[in-house]
Amino acid sequence: LKEEMGIEAKLDHKTHFIYNTAFDNGLTEHEFDHIFYGYTSDTPEINTTEVAGYKWLTPASILEEIKADPKKFTSWFKIAMEKLF
């Protein structure tokens, strides 16, 4: 969080999950991911070598975007949002 977004926050572990996604190019991701939750009023200062961009949205707005165009989102992000909300 600090390295990529320039944000410091106390984080609490919420849950974890394992996922396996195959891609059209023959590669796969098989990962054990953890979800942490925290609050901050810091303004992101992104590390442009790690982050292409960001935007602030409510969870409801994110879920609407996922439903409308699921291909815009990574497998792990869709699973994380489902688990959180």
Side-chain angles (χ1 to χ4, degrees):
L1 189 61
K2 177 68 174 166
E3 180 180 329
E4 294 181 3
M5 299 298 293
I7 293 173
E8 292 193 44
K10 180 185 177 298
L11 300 175
D12 295 312
H13 186 263
K14 291 297 182 184
T15 190
H16 59 270
F17 60 93
I18 297 172
Y19 78 97
N20 191 340
T21 300
F23 298 98
D24 293 339
N25 63 4
L27 297 176
T28 62
E29 285 183 344
H30 187 195
E31 296 185 359
F32 180 55
D33 286 0
H34 295 268
I35 298 174
F36 291 85
Y37 206 88
Y39 296 93
T40 186
S41 58
D42 291 353
T43 300
E45 295 180 25
I46 63 170
N47 175 346
T48 56
T49 61
E50 296 285 336
V51 178
Y54 74 94
K55 60 182 173 178
W56 292 106
L57 296 170
T58 64
S61 295
I62 296 168
L63 293 170
E64 286 176 21
E65 283 197 30
I66 290 171
K67 186 176 181 181
D69 193 1
K71 292 180 182 177
K72 282 180 25 179
F73 299 89
T74 62
S75 297
W76 66 264
F77 187 77
K78 292 183 282 191
I79 294 167
M81 288 301 294
E82 185 177 296
K83 289 193 163 291
L84 287 173
F85 303 101

Chemist: Only distances under 3.5 Å count here; give the side-chain donor-acceptor pairs of residues 76-85 to other protein atoms, sequence neighbours excluded, each with its distance to 0.1 Å.
Modeler:
unit_1, atom_1, unit_2, atom_2, d
Trp76, NE1, Thr74, OG1, 3.0
Lys78, NZ, Pro70, O, 3.3

Chemist: With rounding to the nearest 0.5 Å, note down the distance linking OH in Tyr37 to CG in Leu11.
Modeler: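 Here the rounded value is 11.5 Å.
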Chemist: Can you list the residues that meet the ring pair (Phe, Tyr, Trp, His ring centres under 6.0 Å) rule with His30, with sequence neighbours excluded?
Modeler: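 In terms of ring pair (Phe, Tyr, Trp, His ring centres under 6.0 Å), with neighbours along the sequence ignored, His30 is linked to no residue.
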Chemist: Where do Met5 and Val51 come nearest, in terms of heavy atoms and distance?
Modeler: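 Distance-wise, the nearest heavy atoms are SD-CG2, 3.9 Å.
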Chemist: Please say yes or no: joined through hydrophobic side-chain contacts below 4.5 Å, possibly via intermediate residues, are Ile66 and Trp56 part of one cluster?
Modeler: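 Different clusters: Ile66 never reaches Trp56 through Ile, Leu, Val, Met, Phe, Trp or Tyr contacts under 4.5 Å.
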Chemist: Please tabulate, one pair per line, all N/O donor-acceptor pairs under 3.5 Å involving side-chain atoms of residues 16-28, not counting sequence neighbours.
Modeler:
unit_1, atom_1, unit_2, atom_2, d
Tyr19, OH, Glu29, OE1, 2.6
Tyr19, OH, Glu31, OE1, 3.3
Thr21, OG1, Ser75, OG, 3.0
Asn25, OD1, Leu27, N, 3.0

Chemist: Would you please name every residue forming a side-chain hydrogen bond (donor to acceptor under 3.5 Å, both in side chains) with Thr48, sequence neighbours left out?
Modeler: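 Once residues adjacent in sequence are excluded, Thr48 has no partner under the side-chain hydrogen bond (donor to acceptor under 3.5 Å, both in side chains) criterion.
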Chemist: Closest approach of Pro44 and Ile7, non-hydrogen atoms and distance?
Modeler: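 Shortest heavy-atom separation between Pro44 and Ile7 comes out as CG-CD1, 3.8 Å.
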Chemist: How far apart are the closest heavy atoms of Leu1 and Ala9, and which atoms are they?
Modeler: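 Taking every non-hydrogen atom into account, CD2-CB, 4.3 Å.
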Chemist: Quick one: salt bridge (Lys or Arg N to Asp or Glu O under 4.0 Å) pairs with a partner in residues 53-68, sequence neighbours left out?
Modeler: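 Listed once each, the pairs are Lys55-Glu65, Glu65-Lys72.
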Chemist: Return yes when atom CZ of Phe32 has more than 12 non-hydrogen atoms of other residues, nucleotides or ligands closer than 6.0 Å, and no otherwise.
Modeler: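 Check passes, neighbour count above 12.
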Chemist: Can you sort out the partners of Glu50 under side-chain contact (heavy atoms from CB on, under 4.5 Å), two or more places apart, ordered by chain and number?
Modeler: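 Once residues adjacent in sequence are excluded, the partners of Glu50 under the side-chain contact (heavy atoms from CB on, under 4.5 Å) criterion are Glu3, Glu4, Asn47.
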Chemist: As an exercise, state the distance from CG of Asp33 to OG1 of Thr15, rounded to the nearest 0.5 Å.
Modeler: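 Nearest 0.5 Å value for the CG-OG1 distance: 11.0 Å.
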Chemist: Below 4.0 angstrom, N of the basic side chain to O of the carboxylate: do Lys14 and Asp12 qualify?
Modeler: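 No, no charged N to carboxylate O under 4.0 Å.
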